[in-house]
Amino acid sequence: MIAGKIFYRGEFVEAGIEVENGRIKKIGKLVESKRVKGVILPAGIDVHVHLRDFAEKRKETIETGTLSALHGGICLVVDQPNTKPPVDNTKTYFQRMEKAEKSAYVDYSLNLALTNSNHEKLGEIIRKISKKYFIPAVGEVFIQHDSEDLQINYETLQKVYGRFEGVVFTVHAEDPAYVAKGTPNFVFRRREAEVLAVEKLVEIGNFHFCHISTRDSAKEIINSNSTFEVTPHHMLLSVDDYGRLGKLINVNPPLREKEDVEWLFRNFHRIDILASDHAPHTLEDKEMGASGFPGVETMYPLFINLALKGYISFKSLVEKIASNPARIFGFKGYGEIEVGNFANFAVFDFKNVTEIRAEDLHSKCGWTPFEGFEAIFPEKVYLRGREVLENGVKAGNVLKHSVNIM
Ligand code: DOR
Ligand code: ZN
Ligand code: ZN
């Protein structure tokens, strides 16, 4: 039994939760003796992380990335396939899932890459993988990518989309025509790259758009049947952070002008999903111009603080970080505190506002673009009813989880 102030059906209620076999059996009367300090929210889902591993262990591993997720109140991550080697075939997909089964601290699932070279075999690959694992999406489909292997053109995507309705396609929407190759992206990448790609893609079909960063493309998607996610860095940082971040600034899509940032912030209630695009690179790699920000551990804590200060509502936050991701990607049993669902909770003490410090975080990359920002980290995290994080510290005997739903 876990009891206290619970976020239930859009509001805080005083109640007790009975758990059986990792799932919520009953939500009922408050039992004072079992009361936890702080408020109990559904643990978050981060549908966009790059956990590296394989040949890029120095940046991050599934183990360190999911440990970072756990400390950020996230119970399920969706890993992206632009690994080295990429997850564009059955063998690599199975290899990675098996690795996750052994080393992930939170539930783990994996998108399958769609590339110019594997699209003809996509049906067969999906069929084989689906016998064992639930594939949340085919993505992150790169309309533009530095590596030719991962890039895909509109024509191919249109062809493939036509054959696979019902499959969630996640798209990194940046039109190559607007991206200057080999140049620092924050100077030369124009916002038109995203706007144009989104305009073309909504004509092709319904997609889930990764990391939307401009108000024009957001509005375009809102008026379509597609869905989209926004990252904390595109809502909280802007080109004005160049001075502070220096060499750390590179990220795709790039940080935007204040007008876009403020629009996304003001329209938080209209976005579908808040996702981190956790893309860890070491400081050395950043010096060399690598693009990407870490963020899986700081996302929920930053936004809990914003909700507490009244900038956004808790209802909206829980929707974007838990219930919508579960619904859009089809994760049954996740996203809401409801009878029958997994008992996955994050407990936050609203009095415990801290400043984010890279040295306190658990990603291997060793830095954060949110250094010094106010945040509220979870005191406790429960996964399938087990307390796996206690007083902000990993509990001794953490269960290794992995998603294996069919
Ligand atoms: O900045 C980025 N980093 N954008 C991407 O789309 C990929 C990511 C990465 O994997 O480093
Ligand atoms: Zn991307
Ligand atoms: Zn990404």
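Please read these numbers as outputs of a predicted model, since none were measured by experiment. Counting starts at 1 for both ligands and their atoms, in listed order.
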Shortest-distance N/O/S atom, His211 versus the Zn ion (ligand 2): NE2
So, of the N/O/S atoms that His172 has, which is the nearest one to the Zn ion (ligand 2)? ND1
Numbered in order shown, the ligand 1 atoms found under 4.0 Å of a heavy atom of Gly292 are 1 (O), 2 (C), 3 (N)
Is the closest basic N to carboxylate O distance between Arg35 and Glu14 below 4.0 Å? yes
Answer key: the N, O or S atom of Asp277 nearest to the Zn ion (ligand 3) is OD1
With the Zn ion (ligand 3) as the reference point, give the N/O/S atom of His50 that is nearest. NE2
Considering the options Asp88, Asp79, Asp53, which one meets the salt bridge (charged side-chain N to carboxylate O under 4.0 Å, His left out) requirement together with Arg96? Asp79
salt_bridge(Glu192, Arg190) N-O dist < 4.0 Å: yes
Proximal atoms of ligand 1 relative to Ala279 (non-hydrogen, under 4.0 Å): 3 (N), 8 (C), 9 (C), 11 (O)
Taking 4.0 Å as the limit for heavy-atom contacts, which would you say applies to His172 with ligand 1: side chain only, backbone only, both, or neither? side chain
If you measure from atom 7 (C) of ligand 1 to every heavy atom of Asn82, Thr231, Asn252, which option wins on shortest distance? Asn82
Is there an N/O/S atom in Glu140 that lies less than 2.8 Å from the Zn ion (ligand 2)? yes
What part of His145, side chain, backbone, both or neither, has a heavy atom within less than 4.0 angstrom of ligand 1? neither
Would you please determine whether His281 falls within less than 4.0 Å of ligand 1 on a heavy-atom basis? yes
Any Glu56 heavy atom less than 4.0 Å to ligand 1: no
Quick one: does Phe142 get a heavy atom under 4.0 Å from ligand 1? yes
As a test of reading the structure, name the N/O/S atom of His48 that is nearest the Zn ion (ligand 3). NE2
Between Arg357 and Glu355, does at least one N-O distance fall below 4.0 Å, as a salt bridge requires? yes
Would you mind checking if Lys309 and Glu374 are paired as a salt bridge, meaning a charged N to carboxylate O distance below 4.0 Å? yes
Less than 4.0 Å between a side-chain N and a carboxylate O, is that true for Glu120 and Arg163? no
Option passing side chain to side chain donor-acceptor pair (under 3.5 Å) with Ser213 (candidates His233, Arg191, Glu194): Glu194
What I want to find out is whether Lys315 reaches Glu319 closely enough, with some N-O distance under 4.0 Å, to be called a salt bridge. yes
Any heavy atom of Asn250 under 4.0 Å from ligand 1? The part involved is neither
Under 4.0 Å from one or more heavy atoms of Val251, ligand 1 contributes atoms 1 (O)
Option whose closest heavy atom lies nearest to atom 11 (O) of ligand 1, chosen from His278, His233, Arg52: Arg52
Can you classify the ring geometry of Trp367 versus Phe293 as parallel (below 30°), tilted (30 to 60°) or perpendicular (above 60°)? perpendicular
Would you find a donor on one side and an acceptor on the other, under 3.5 Å apart, between the side chain of Trp263 and the backbone of Lys258? no
Salt-bridge contact Glu390-Lys380 (side-chain N to carboxylate O under 4.0 Å): no
